[in-house]
Amino acid sequence: MIKRVRTENLQPGNFIHDFNCGWNGGNIFIDQTLIADKKMIDIIRSWGIKEVYIDTERGRDIDTDQSSGRQPELRQVTPPQPSNQPEKHPAPPSVPLAVEVKRAKKLRSDAVKIVRHTLKQVEEGKTPDVGLTYELARRMRASISRNRDALLLLTRIRKKDEYTLYHSISVSSLVLDMCNFKGLPEKRALDMAVGALFHDIGKTKVPHTILNKPAKLTAIEFHEMKKHVEYSVDLLQNAHNLPFECYDIALHHHEHYDGEGYPHGLKGEKISMGAQLTAICDVFDAITSTRCYREGLGTVTGLKRIYELSDNHFNKDLTHEFIRCIGVYPVGSCVKLEDRKVGIVVGSTENILQPIVKVFYDGKRNEKISPFLLDLSKSGTSITSYEEPGRIGVKPSSLLSEMVA
Ligand SMILES: [Fe+2]
Ligand SMILES: [Fe+2]
């Protein structure tokens with residue numbers, strides 16, 4: 001029997017026949033689905049859906065007589081566990097950077113092809129091969145597990161066009177890196193990574209003049225830009241077999257922890273873990289990316305900005321965990337050594353304070369030198385400070401490209 005029920009009465013085991021919801025004046029038909037857990041109910045409710053239709057022959061029934069009485073308590077989404085362990089660091093690489101970079105280059109070029117093709121299919125209303133996207137996420141996770149620096153370094157280097165495509169792959173890589181850092185199970189990590197790959201798909205429906213506007217958006221333009229989250233869910237309806245989390249990430253990656261985000265103004269732990277994590281990775285990638293109209297922030301400056309935003313935009317504990325995960329000297333950061341030479345961090349070692357640096361500048365003579373690799377953990381050289389690439393006349397984006405050429 002098909003029954004209309006209030007979402008506060010839903011329970012795991014109910015089968016959703018129809019979400020009975022509409023955004024932008026049209027209905028969004030997300031696949032019929034079995035409610036797996038309480039978290040899924042929280043997500044549905046966070047979408048502002050008050051009532052759904054359930055199929056009592058395909059899942060558990062709800063006693064509708066009881067629904068007028070006391071409402072069952074719904075558990076909140078489990079808050080991300082605050083990590084107060086300063087000693088926790090990403091696992092050291094099991095494969096040398098040079099070896100993994102070769103594999104990661106092929107992986108990145110495959111990722112660009114697969115994501116470009118999938119986005120196109122979704123835009124055209126075709127059903128994309130979700131299995132292919134999962135296989136891609138699995139390969140990205142494997143690469144990050146072998147040596148996280150390789151893929152993260154390569155995703156920092158991109159063409160200035162097709163911003164959304166490269167941004168999606170980068171955000172997904174950052175999400176996978178954090179999932180590894182947090183020790184989340186593979187299934188959960190892959191669902192979040194696929195959600196991150198599609199999080200901005202709705203931007204294809206936003207005019208280019210707004211997407212690439214170098215100046216501040218007007219109120220009307222910002223209103224249009226904000227619609228991309230709902231457009232994303234609209235488009236994703238073509239991709240059957242996507243886990244629920246993917247729709248949620250697409251819809252809620254612009255919610256703010258203080259409730260000032262959009263589209264639903266969700267506050268605190270009402271925002272799912274996947275959406276919270278994608279939001280941090282999304283902003284970090286956006287502010288450190290070079291666009292056709294501006295140079296991106298350096299990695300360390302980007303992290304500082306993320307730290308400032310943890311006061312209101314993001315979950316503080318999760319943000320601090322992200323900063324610990326990215327590291328003291330993240331790949332791509334520019335550093336000054338004790339002999340006043342300057343280099344860019346291209347890889348990590350067992351010692352987080354002594355990464356592998358590509359040295360390219362001599363601060364004593366104020367001139368560029370022929371670049372060479374220096375493993376600080378072996379040479380015993382120390383980093384004395386961060387260096388602002390602009391101060392010595394170089395752009396972070398061009399530095400990175402040179403590093404892996
Ligand atoms: Fe977005
Ligand atoms: Fe984004």
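In listed order, ligands and their atoms are each counted from 1. Count residues from 1 along the sequence.
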Check: What N, O or S atom of Asp200 is found closest to the Fe ion (ligand 1)?
Finding: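 In Asp200, the heteroatom (N, O or S) nearest the Fe ion (ligand 1) is OD1.
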
Between the Fe ion (ligand 2) and [X], which N, O or S atom of the residue is the nearest one?
X: His199; result: NE2
X: His167; result: NE2
X: Asp282; result: OD1

Notebook entry, point to check: Angle subtended at the Fe ion (ligand 1) by NE2 of His253 and NE2 of His228, to 10 degrees?
Noted result: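 His253 NE2 and His228 NE2 form an angle of 100° at the Fe ion (ligand 1).
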
Checklist line | Quiz item: cation-pi between Lys226 and Tyr262, 6.0 Å / 45° | finding: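 Checked: cation-pi criterion met.
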
Next item on the list: Could you tell me if the ring centre of Phe372 sits under 6.0 Å from that of Phe360?
Entry: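 No, they do not, as the ring centres are separated by 6.0 Å or more.
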
Notebook entry, point to check: Is the distance between the ring centroids of His254 and His313 under 6.0 Å?
Noted result: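 Between His254 and His313, the centre distance exceeds or equals 6.0 Å.
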
Checklist line | Within 6.0 angstrom of Tyr307 OH, more than 12 heavy atoms from elsewhere | finding: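 Counting other residues, nucleotides and ligands, OH of Tyr307 stays at 12 neighbours or fewer.
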
Item checked: 4.5 Å side-chain heavy-atom contact, Arg139 and Asp110 ->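 Yes - at least one pair of side-chain heavy atoms lies under 4.5 Å apart.
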
